[in-house]
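Only one structure is covered here, and it is reproduced in the block below.
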Amino acid sequence: VKVLGAISADDDCDRVAAAEKFRQGKGKMRNRRYTNRRGPLVVFADADGVRAFRNIVGVDTCNVDALNLLQLAPGGHVGRFIVWTKSAFEKLPSVFGGFDSKSDSKKNYTLPRPTVTMSDVN
């Protein structure tokens with residue numbers, strides 16, 4: 001909790017904890033009774049210190065090998081608050097590769113190149 005306070009993420013956790021409410025419609029009968037907002041995401045490479053974030057309301061954890069677009073941008077809204085560990089950030093090039101190099105862990109995966117070379121269409 002002190003780490004989240006040091007990086008000013010405790011406000012997001014409080015916002016998530018206060019926003020739990022009943023779902024509208026028949027989802028309540030189908031075991032989807034509550035809706036929640038999404039809080040900070042902690043991305044790690046090795047499991048050091050991850051157990052500390054598991055029981056905090058609104059904080060999600062994810063391994064860098066199992067990153068998912070729905071975790072990075074839930075609901076298609078880009079801009080989630082993501083906390084990267086140093087080891088996870090250093091492991092990104094080996095997981096996803098680069099524009100010139102292939103990924104080490106994914107078979108034949110290279111980063112997609114941007115299709116628009118000049119955005120000025122005037």
Side-chain angles (χ1 to χ4, degrees):
V1 177
K2 291 180 182 178
V3 172
L4 293 176
I7 59 174
S8 301
D10 52 354
D11 295 336
D12 281 347
C13 294
D14 295 339
R15 178 185 58 89
V16 169
E20 183 178 78
K21 53 185 162 183
F22 279 118
R23 180 183 300 274
Q24 299 287 325
K26 291 189 177 183
K28 295 185 296 291
M29 295 183 283
R30 296 175 181 155
N31 259 351
R32 300 185 301 260
R33 182 166 296 273
Y34 297 103
T35 60
N36 272 344
R37 294 187 178 181
R38 297 287 187 158
L41 175 69
V42 178
V43 180
F44 60 92
D46 46 0
D48 294 340
V50 173
R51 293 185 61 178
F53 292 105
R54 248 197 254 167
N55 201 25
I56 301 174
V57 176
V59 177
D60 296 330
T61 59
C62 180
N63 194 334
V64 71
D65 294 323
L67 279 178
N68 189 351
L69 186 62
L70 292 175
Q71 291 173 334
L72 296 176
H77 303 290
V78 180
R80 185 174 186 179
F81 183 47
I82 302 173
V83 179
W84 295 85
T85 61
K86 183 178 181 181
S87 59
F89 204 75
E90 291 171 351
K91 194 174 179 181
L92 273 176
S94 68
V95 173
F96 291 104
F99 290 118
D100 300 329
S101 62
K102 291 192 180 285
S103 170
D104 294 336
S105 60
K106 297 183 180 198
K107 185 177 179 181
N108 293 330
Y109 180 79
T110 55
L111 285 176
R113 291 211 178 259
T115 57
V116 178
T117 56
M118 189 171 121
S119 62
D120 187 20
V121 291
N122 286 335

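Leu41 places none of its side-chain heavy atoms less than 4.5 Å from the side chain of Phe81. Side-chain contact between Val57 and Glu20 is absent, with no heavy-atom pair separated by less than 4.5 Å.
Residue-environment remark: NZ (Lys106) exceeds the threshold of 12 foreign heavy atoms within 6.0 Å. Residue-environment remark: OH (Tyr109) exceeds the threshold of 12 foreign heavy atoms within 6.0 Å. Other residues, nucleotides and ligands place more than 12 heavy atoms under 6.0 Å from the CG atom of Asn68.
Annotation for Ser94 and Ser103: closest pair O-OG, 3.5 Å, computed over non-hydrogen atoms. Closest of all the heavy-atom pairs between Phe96 and Leu67 is CE1-CD1, 4.1 Å. Phe22 and Lys28 make their closest contact through CD2-CD, 4.5 Å (heavy atoms, listed as atom of the first residue, atom of the second, distance). Counting all heavy atoms, side chain and backbone alike, Arg23 lies closest to Tyr34 at NH2-O, 3.9 Å. Of all non-hydrogen atoms in Ala52 and Ile56, the two that sit nearest each other are O-CD1, 3.7 Å. Of all non-hydrogen atoms in Trp84 and Leu92, the two that sit nearest each other are CZ3-CD1, 3.9 Å.
When the side chains of ILVMFWY residues are joined at heavy-atom separations under 4.5 Å, either directly or via intervening members, Leu111 and Phe89 end up in a single hydrophobic cluster. Val95 and Val43 fall within a single hydrophobic cluster, where Ile, Leu, Val, Met, Phe, Trp and Tyr side chains are chained together by heavy-atom contacts under 4.5 Å.
Using a 4.0 Å cut-off between charged side-chain N and carboxylate O, Lys86 and Asp46 make no salt bridge. Salt-bridge annotation for Asp12 and Arg37: absent, with no side-chain N of the basic residue lying under 4.0 Å from a carboxylate O of the acidic one.
The closest donor-acceptor contact from the side chain of Arg80 to the backbone of Gly39 lies under 3.5 Å. Within the 3.5 Å criterion, the main-chain N or O of Val42 finds no donor-acceptor partner in the side chain of Thr61.
For the atom pair CZ (Arg38) and CD (Gln71), the distance works out to 8.0 Å, reported to the nearest 0.5 Å. Cys62 contributes atom SG, which lies 9.5 Å from atom CD1 of Ile82 (distance to the nearest 0.5 angstrom).
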